[in-house]
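Quick note on labels: first sequence line is chain A, next is B, and so on, each numbered from 1.
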2 protein chains.
Amino acid sequence: MNYSVSEENYIKSIFHLQKKEGTVTTNELAAELKTRPASVTDMMKKLKTKKLLHYQPYKGFRLTADGTRVALGIIRRHRLWEFFLAEKLKFTWDEVHEVAEELEHVSNKKLIDKLDAYLGFPKNDPHGDPIPDANGKIDPGKKIRLPDVPLQTLCTVAGVRNQSAELLELLENKKIKIGTRIEVRKKFEFDQSMEIKTGKQSINTISHQLAENILITYDAG
Amino acid sequence: MNYSVSEENYIKSIFHLQKKEGTVTTNELAAELKTRPASVTDMMKKLKTKKLLHYQPYKGFRLTADGTRVALGIIRRHRLWEFFLAEKLKFTWDEVHEVAEELEHVSNKKLIDKLDAYLGFPKNDPHGDPIPDANGKIDPGKKIRLPDVPLQTLCTVAGVRNQSAELLELLENKKIKIGTRIEVRKKFEFDQSMEIKTGKQSINTISHQLAENILITYDAG
DNA sequence: CGAATGATTTAGATTTGGCTAAATAATTTT
DNA sequence: AAAATTATTTAGCCAAATCTAAATCATTCG
């Protein structure tokens, strides 16, 4: 139930990286944490035994539901402290991150919940990022249809507009499901089809009819 | 310039123990920190090389001026957070200590000075203990004459009421100087002489004339 | 396809803080 | 003053989190 500063930093980094990539590699994480790949492997084994991680050697990793819950707790603490530092202590918005990096590891739940109340249950930190509530829920952004997403912007599949077997079959074929990270690379004027990148690398072309039935949000958390 | 959580806890405990005893022993410190004497010895060696401690093997230890400065910084952080928790987050006074134990190790100076300002530069924490200012100074209690001190109460010699060679000779003989910890054990009605304990163990009898010329404070910090 | 390249893991060392057991110093008792 | 007791230190281990170097797996390119 309680994690070391080091474990928390790993969990947090994995959370942020997998938001961008879906799955995280050893080298990516080592670069992010300014440590060595060998150290990452050691920690991954440890986090796997704690059931916070899906991890197969050589295959990258992603957080389990438990891991995600832990990550959201850390992010909640970080962003609440950022809000406090900016709002109450008059730090400028570019100073808050560094200080919050230290404060976020104080994980007393009562402290954080009381801080939240004291601050008036803010929805966003000074950088505009959403603050998870005491249950780890992030106020979901509005769902919008894929054709309305700007180019080169990362977003996450949040739902579909109908449940027909035909649509689901197509989605399955294209490996698109709830939670898949999508970036629109090109929109073709001729037929309104679009080229999208899903997950880490696969490039796909989808029709306008399909795109219209895919709902996304910008911040799945 | 930056110390580990473990080092800080040792420094803080030594500070508090030596306030009571003048000098601190290995076993005392081990009991206080719920660790083993052997671990204490290891840490003492380390803190000595960092010049925070006066330490001769088998002879106990006390903080150097540097060590005291560090200790006051930790205590400042602890007590400011306690004040914040009670005053702003509505923790009860008996809950604040435990949470402040964690927050005190976040040692960003700007954070603490801004917190101090935000709180209105409080002089005492919710337990009534004095909060050192940004320079490590504690608002000194009033100096009072030794005969006015209640029995069995620890206090610290803060000055004398005259500078005569005769008085200084006597003080030297009784090993009483500025900073000496004193506790009054008995007061004899007959001649108003008193029995005092100085430092760790030595018991002394001093005359009323002498006692009247010794000034003390309750909290030397 | 198979070799080269790059990513990842294994093996072994280091640092920090802690532990136990044994040795030694200091103090107290007889 | 010698013996017994208590306090303290030394010696040798352990675990966490890191590192470097070497080995191994996976992929890509000629």
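- When the side chain to side chain donor-acceptor pair (under 3.5 Å) test is applied to B:Tyr58, no partner is found at least two apart in sequence or on another chain.
- Scanning for side chain to side chain contact (heavy atoms under 4.5 Å, CB included) contacts around B:His54 gives B:Arg62, B:Thr64, with sequence neighbours left out.
- The salt bridge (Lys or Arg N to Asp or Glu O under 4.0 Å) check on A:Glu8 picks up A:Arg77, with sequence neighbours excluded.
- For the segment residues 4-12 of chain B, residues with any heavy atom less than 4.0 angstrom from an atom of DNA chain C are, sorted by number, B:Ser4, B:Ser6, B:Tyr10.
- Annotation: proximity of residues 34-45 of chain B to DNA chain D (heavy atom, distance under 4.0 Å) is found for B:Pro37, B:Ala38, B:Thr41, B:Lys45, numbered in ascending order.
- The stretch residues 50-57 of chain A touches DNA chain C through A:Tyr55, A:Pro57, each having a heavy atom within less than 4.0 Å of the strand.
- Protein atom OH of B:Tyr58 is 6 Å distant from nucleotide atom P of C:dA25, rounded to whole Å.
- Scanning for salt bridge (Lys or Arg N to Asp or Glu O under 4.0 Å) contacts around A:Arg76 gives A:Asp113, A:Asp116, with sequence neighbours left out.
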For nucleotides 3-6 of chain D, list the nitrogen or oxygen atoms of the protein found under 3.5 Å from its nitrogen or oxygen atoms, one pair per line.
none

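- Ring geometry for B:Trp81 against A:Phe84 counts as tilted: the plane angle lies between 30° and 60°, on a 0 to 90° scale.
- Taking the salt bridge (Lys or Arg N to Asp or Glu O under 4.0 Å) definition, one finds that A:Lys88 meets it with nothing, sequence neighbours left out.
- Scored by the salt bridge (Lys or Arg N to Asp or Glu O under 4.0 Å) test, A:Arg69 finds A:Asp66 as partners (sequence neighbours excluded).
- In this structure, B:Asn135 contributes its side chain and B:Lys137 its backbone to no donor-acceptor pair below 3.5 Å.
- Between A:Thr25 and C:dA7 there is no side-chain N or O to OP1 or OP2 distance below 4.0 Å.
- Taking the side chain as every heavy atom from C-beta outward, B:Asp129 and B:Ile75 never approach each other to under 4.5 Å.
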List the atom pairs, donor and acceptor, that lie under 3.5 Å between side-chain atoms in residues 92-99 of chain A and the rest of the protein, sequence neighbours left out.
| residue | atom | partner | partner atom | Å |
| --- | --- | --- | --- | --- |
| A:Thr92 | OG1 | A:Asp94 | OD1 | 2.7 |
| A:Thr92 | OG1 | A:Glu95 | OE1 | 3.2 |
| A:Glu95 | OE1 | A:Thr92 | N | 2.9 |
| A:Glu95 | OE2 | B:Lys110 | NZ | 2.5 |
| A:His97 | ND1 | A:His78 | NE2 | 3.1 |
| A:His97 | ND1 | A:Glu82 | OE2 | 3.3 |
| A:His97 | NE2 | A:Glu101 | OE2 | 3.2 |

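- Legend: residues meeting side chain to side chain donor-acceptor pair (under 3.5 Å) with B:Asp191, ordered by chain and number and at least two apart, are B:Ser193.
- Within the 3.5 Å criterion, the main-chain N or O of A:Pro130 finds a donor-acceptor partner in the side chain of A:Arg79.
- Rounding to whole angstrom units, NZ of residue A:Lys59 and C1' of D:dA26 are separated by 9 Å.
- Panel note: side chain A:Gln18, backbone A:Leu63; a donor-acceptor pair is recorded below 3.5 Å.
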